[in-house]
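I have a structure here, written as structure tokens, and I will follow up with some questions on it.
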Amino acid sequence: MTQINSAQAANALLLNQVIAAYSRTDNARWNVVIESLLRHLHGFVNEVELRPEEWWTAIDFLTRTGQACVGPRQEFILLSDALGLSSAVDNLNNASLAGATESAVTGPFYVPHSPHIENGGSIALAGEGETVLIRGRVLDTAGHPISAAELDIWHTSPNQLYAVQDKNQPEMNFRGKLRTRTDGSFAFHTIKPIAYPVPVDGPVGQLLNKGGRHPMRPAHIHFIVSAPGYQSVTTQLFTRGDEFIDSDAVFGVKDSLLIDYQRNTDRSLAVDWVLDHDFVLAGPSAG
Ligand code: BEZ
Ligand code: FE
């Protein structure tokens, strides 16, 4: 007991030294962030009385997480997502603004250079599944249409892999950018997405397993919607009723982002499903 108390007293002194060493720069934000980070890290070590073998396990885990980040594989983003940290940062920095579409995490599979498609075109280059027409408008918070807004869209193939994960798919499969017409409307065709697992063949897979968690994400489509003079939104639309809607492996689901595909009843449209959905962009931020 006395030994622990003296170790904790030593650690209190140590923490003060470490904070003083890092947090006296002329960058005020850095000083605040680094001091808090050090307090939490040292506080954690003291609280759980971390053992050497646990410390080594953590070092090994982080080392392997870094080593897994090769090419498009972003294991650190996945780690942040699986711990709910990405959603926490998202919640803090993208507070829902006066009726604007809510944001959701980007995830590790975003690739910036998707091909432009015409309105009414398809982003499905290969893959079998139920066809869907997705259409709607991009509006401002007063309900006015925004013309020439850009929608950058990506989702998984019916084999549960993004094109970026799968050499057997065309590189641009299920990815595309399109612009709204003058009335703010847009439309594109694709295959209705299904639930899929985040990659489990790396350290994050082991973490999920250790925590007794499944790796599934409910079916969703990613969008980045942007227009000059408006705040862009990175978001996802989730299929209501999906088996995994309440247990998303990366804690990304928000109620306002649940959508209902409708069975197509219009014979002039050669699709199985239709989704009508509007996006709403907030004006420029005051800050
Ligand atoms: C995704 O939806 O693409 C995703 C998000 C977070 C972690 C893994 C995948
Ligand atoms: Fe996704």
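On a predicted model such as this, the values are computed, not experimentally measured, just so you know. Indexing begins at 1, ligand by ligand and atom by atom, following the structure's order.
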Begin from the C-alpha positions of W154 and F109 and carry the test ring pair (Phe, Tyr, Trp, His ring centres under 6.0 Å) through to its verdict.
CA-CA 9 Å; W154 71 106; F109 300 120; 9.8 Å; no
Is there a polar contact between ligand 1 and W154, counting only N or O atoms under 3.5 Å apart?
no
With only distance considered, is D81 within less than 3.5 Å of ligand 1 through an N or O on each side?
no
What is the distance from atom CZ of R175 to atom NE2 of H113, rounded to the nearest 0.5 Å?
9.0 Å
Closer than 2.8 Å to the Fe ion (ligand 2), do we get an N, O or S atom from H155, backbone or side chain?
no
Nearest heavy-atom approach of P170 to A163 is O-CB, 3.5 Å
Give the C-alpha distance, both sets of side-chain angles, the deciding distance and a yes or no for ring pair (Phe, Tyr, Trp, His ring centres under 6.0 Å) between H220 and Y196.
CA-CA 9 Å; H220 61 276; Y196 68 87; 5.2 Å; yes
Would you say H220 has any N or O atom under 3.5 Å from an N or O of ligand 1, going by distance alone?
yes
Show the atoms of ligand 1 that are less than 4.0 angstrom away from any heavy atom in L78.
7 (C), 8 (C)
Short N/O distance, under 3.5 Å, between T106 and ligand 1?
no
Return the closest protein heavy atom for atom 9 (C) of ligand 1 as residue, atom name and distance.
P108 CD, 3.4 Å
For the Fe ion (ligand 2), the nearest N/O/S atom on H222 is atom NE2
Yes or no on side-chain hydrogen bond (donor to acceptor under 3.5 Å, both in side chains) for Q206 and R64, after CA distance, side-chain angles and deciding distance?
CA-CA 11 Å; Q206 292 169 344; R64 288 186 295 111; 2.9 Å; yes
Is there a heavy atom in Y196 that sits closer than 4.0 Å to ligand 1?
yes
Which of the atoms in ligand 1, numbered in the order shown and given with their element, are less than 4.0 Å from a heavy-atom of H222?
1 (C), 2 (O), 3 (O)
Near the Fe ion (ligand 2), is there an N/O/S atom from Q236 that is less than 2.8 Å away?
no
Heavy atom of the protein closest to atom 5 (C) of ligand 1 (residue, atom name, distance):
G107 CA, 3.4 Å
Could you give the distance from OG (S23) to CD1 (I34), rounded to the nearest 0.5 Å?
8.5 Å
Might you work through the side-chain hydrogen bond (donor to acceptor under 3.5 Å, both in side chains) test for Y162 and H222, ending with a clear yes or no?
CA-CA 12 Å; Y162 283 88; H222 297 259; 2.8 Å; yes
Run the numbers for me: atoms of ligand 1, each under 4.0 Å from some heavy atom of Y162, listed by number.
1 (C), 2 (O), 3 (O)
What atoms in ligand 1 come closer than 4.0 Å to a heavy atom of F109?
3 (O), 9 (C)
Using the benzene-type ring in the case of Trp, are the ring centres of F279 and H277 under 6.0 Å apart?
yes
Identify the heavy atoms of L281 and A100 that sit nearest to each other, and give their distance.
C-CB, 4.3 Å
With rounding to the nearest 0.5 angstrom, report the NZ to OG1 distance, K210 to T57.
8.5 Å
Is any N, O or S atom of Y162 under 2.8 Å away from the Fe ion (ligand 2)?
yes
Which atom of H220 approaches the Fe ion (ligand 2) most closely (N/O/S):
NE2
